[in-house]
Amino acid sequence: MTVSDAQLMAERSKFLKNAQTIGITCVPFSGGQPKGGVDDGPVEMIRFGLVDQIEGMGYQVDISEGMDKYRTMQPASDPAVGKLKNARYVSMAARRVSEQVRAHCAKGSLALTLGGDHSIAMGTLAGSTAVYPDLCVLWIDAHADINTPATTDSGNLHGCPLSFLLGLCEPDTPATQVFDWIKPCIRADSLVYIGLRDVDSGEKALLRKHGIKAFSMHDVDRHGIGRVVEMALDHVNKDRSRPVHMSFDVDALDPSVAPATGTPVRGGLTFREGHYICEAVAETGCLVAMDLVEVNPALGDPESLRQTVAVGCSLVRCSLGETLL
Ligand SMILES: NC(=[NH2+])NCCC[C@H](N)C(=O)O
Ligand SMILES: [Mn+2]
Ligand SMILES: [Mn+2]
């Protein structure tokens, strides 16, 4: 081993050396969007063998207890808050997620959260930033998920998590009251997107206004995934020293690769492009938290389900370094 190899390995293990344990939070939650089934995402990934696979890579696995709690915490009455649907339920669930993720991070484990719809990222990022205030965020998605309570057309909170986390919501409204436990915890220049191709007009305005860096599928076509990931990391993590939280929505992948998801959009990342992102993030050694969300086993035939669950598990393993030599 040369000196620079040794240095590189020391660098890489800066965060992963603490994370010999993967702290898994399963979130069987579908309240952020209208389609049932996404709450079965975690159990299907576990049934597929994800825990054994991670242990087989040499990690310890620590799974948060009480995954059924998410199903039973739905309030009896949850009338719309402005346009927002299930706002109280989403808020309670995300708050619980934030406590579980925070506990995993505080122990030095890498916090892996299995969704569930993407509204749970309000919790994962609130939890991870409480422990790593200087972390940066890679958001891999077809969608920008940055609608505010005012800009959302659908009222589905899985399209809104980032506006709460960045503090972009209109202040002093009933919506901000329901989510008053979320403090702005991510700066606009600490967030970068890859994979976007279905962004609402209100979201485009927010991205422009706050100068948020985004690499759309157009950019992936133009530059290639290698260059895009390098530019994305350079933007938020120039010297590869900041902790990274990667929030991966499986709909970033093309529907031919990950069909069982609630809001599929044509023209997405190929199998290899998705995995390349995960490998490049693993290579930085900076990953402290990862979300894998929006796997919906109820959508499509058994083969679509198997394919989507398998690809979700494989993205997780690659993010933990499986395919690095
Ligand atoms: N996490 C997701 N799949 N989000 C889809 C959001 C779609 C749309 N932009 C909305 O706000 O309703
Ligand atoms: Mn999406
Ligand atoms: Mn999403």
Side-chain angles (χ1 to χ4, degrees), residues 118 121 125 135-147 151 158-163 165-166 168 186-240 242-259 261-284 286-287 289-294 311-312 314-316 318-319 323-324:
H118 220 163
L125 280 155
L135 66 68
C136 58
V137 181
L138 302 187
W139 195 277
I140 318 300
D141 208 321
H143 310 95
D145 294 349
I146 198 166
N147 273 305
T151 69
H158 76 157
C160 307
L162 284 166
S163 67
L165 294 160
L166 275 78
L168 307 182
I186 300 166
R187 288 169 32 159
D189 60 5
S190 297
L191 165 65
V192 64
Y193 291 102
I194 300 175
L196 299 188
R197 56 194 182 279
D198 182 11
V199 181
D200 300 337
S201 57
E203 294 183 300
K204 286 184 187 169
L206 285 167
L207 298 186
R208 275 196 300 271
K209 177 170 174 200
H210 298 281
I212 297 169
K213 192 82 175 164
F215 295 93
S216 66
M217 287 311 299
H218 179 84
D219 296 305
V220 174
D221 292 339
R222 171 175 295 178
H223 301 290
I225 195 67
R227 186 76 190 108
V228 162
V229 175
E230 190 180 348
M231 290 189 286
L233 285 169
D234 281 348
H235 180 72
V236 291
N237 202 1
K238 185 76 192 152
D239 56 10
R240 308 296 192 264
R242 291 173 83 180
V244 173
H245 184 139
M246 176 161 66
S247 199
F248 203 119
D249 183 331
V250 82
D251 72 28
L253 300 176
D254 191 77
S256 60
V257 182
T261 191
T263 48
V265 189
R266 290 195 299 170
L269 298 168
T270 64
F271 182 91
R272 271 307 306 158
E273 287 166 345
H275 285 75
Y276 181 87
I277 296 170
C278 297
E279 291 163 354
V281 167
E283 213 169 14
T284 66
C286 296
L287 189 67
M290 175 178 187
D291 316 326
L292 198 289
V293 299
E294 299 282 355
V311 83
S314 129
L315 292 170
V316 168
C318 285
S319 304
T323 47
L324 297 181

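All values below were derived from every heavy atom in this structure, side-chain atoms included, with hydrogens, water molecules and symmetry-related copies excluded.
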Which distance, rounded to the nearest 0.5 Å, do you find between the CZ of Phe248 and the CG of Leu315? 4.5 Å
Could you tell me whether a side-chain N or O of Asp200 sits under 3.5 Å from a main-chain N or O of Gly202, the two making a donor and an acceptor? no
Hey, what do you get for CG (Asp141) to NE2 (His158), rounding to the nearest 0.5 Å? 9.0 Å
Under 4.5 Å between any side-chain heavy atoms of Ile186 and Trp139, yes or no? no
Quick check: does any side chain N or O of Asn237 sit under 3.5 Å from a backbone N or O of Arg242, one acting as donor and the other as acceptor? yes
Contact between Tyr193 and Val199 at the side-chain level, heavy atoms closer than 4.5 Å - yes or no? no
To the nearest 0.5 Å, what is the distance between CD (Glu294) and NE2 (His118)? 7.0 Å
With the side chain counted from C-beta on, respond yes when Ser319 and Val281 share a heavy-atom pair under 4.5 Å apart, and no when they do not. no
Which heavy atom of His275 sits nearest to which heavy atom of Cys318, and what is that distance? CD2-SG, 3.5 Å
Do His223 side-chain atoms and Asp219 backbone N/O form a donor-acceptor pair below 3.5 Å? no
Please tell me if the side chains of Arg222 and Val228 come closer than 4.5 Å, counting only heavy atoms from C-beta onward. no
Using a 4.5 Å cut-off on heavy atoms from C-beta on, say whether the side chain of Val250 contacts that of Val311. yes
Can you confirm whether Thr263 sits close enough to Asp249 that some side-chain heavy atom of one is under 4.5 Å from a side-chain heavy atom of the other? no
Going by atom types only, do Asp291 and His245 share a side-chain donor-acceptor pair under 3.5 Å? yes
Is there a donor-acceptor contact under 3.5 Å from the side chain of Asp251 to the main chain of Ala142? yes
Nearest heavy-atom pair of Val257 and Leu269: which atoms, and what distance? CG2-O, 4.2 Å
Over 12 foreign heavy atoms within 6.0 Å of CZ, Arg187: no
Residues which pass side-chain contact (heavy atoms from CB on, under 4.5 Å) with Ala188, listed by chain and number, not counting sequence neighbours: Leu166, His210, Ile212
Only distances under 3.5 Å count here; give the side-chain donor-acceptor pairs of residues 229-236 to other protein atoms, sequence neighbours excluded, each with its distance to 0.1 Å.
| residue | atom | partner | partner atom | Å |
| --- | --- | --- | --- | --- |
| Asp234 | OD1 | Arg240 | NH1 | 2.9 |
| Asp234 | OD1 | Arg240 | NH2 | 3.2 |

Without swapping roles, check the side chain of Thr270 against the backbone of Glu273 for a donor-acceptor pair under 3.5 Å. yes
Quick one: CG on Leu191 to OG on Ser247, what's the gap to the nearest 0.5 Å? 10.0 Å
Got a sec: does the CZ of Arg266 have more than 12 other heavy atoms crowding it under 6.0 Å? no
OH (Tyr276) and CD (Glu283) are apart, to the nearest 0.5 Å, by 7.0 Å
Mind checking the OG1-CG spacing from Thr284 to Asp239? Nearest 0.5 Å is all I need. 11.5 Å
List the steps and the verdict of side chain to side chain contact (heavy atoms under 4.5 Å, CB included) for Thr261 and Leu253. CA-CA 10 Å; Thr261 191; Leu253 300 176; over 6 Å; no
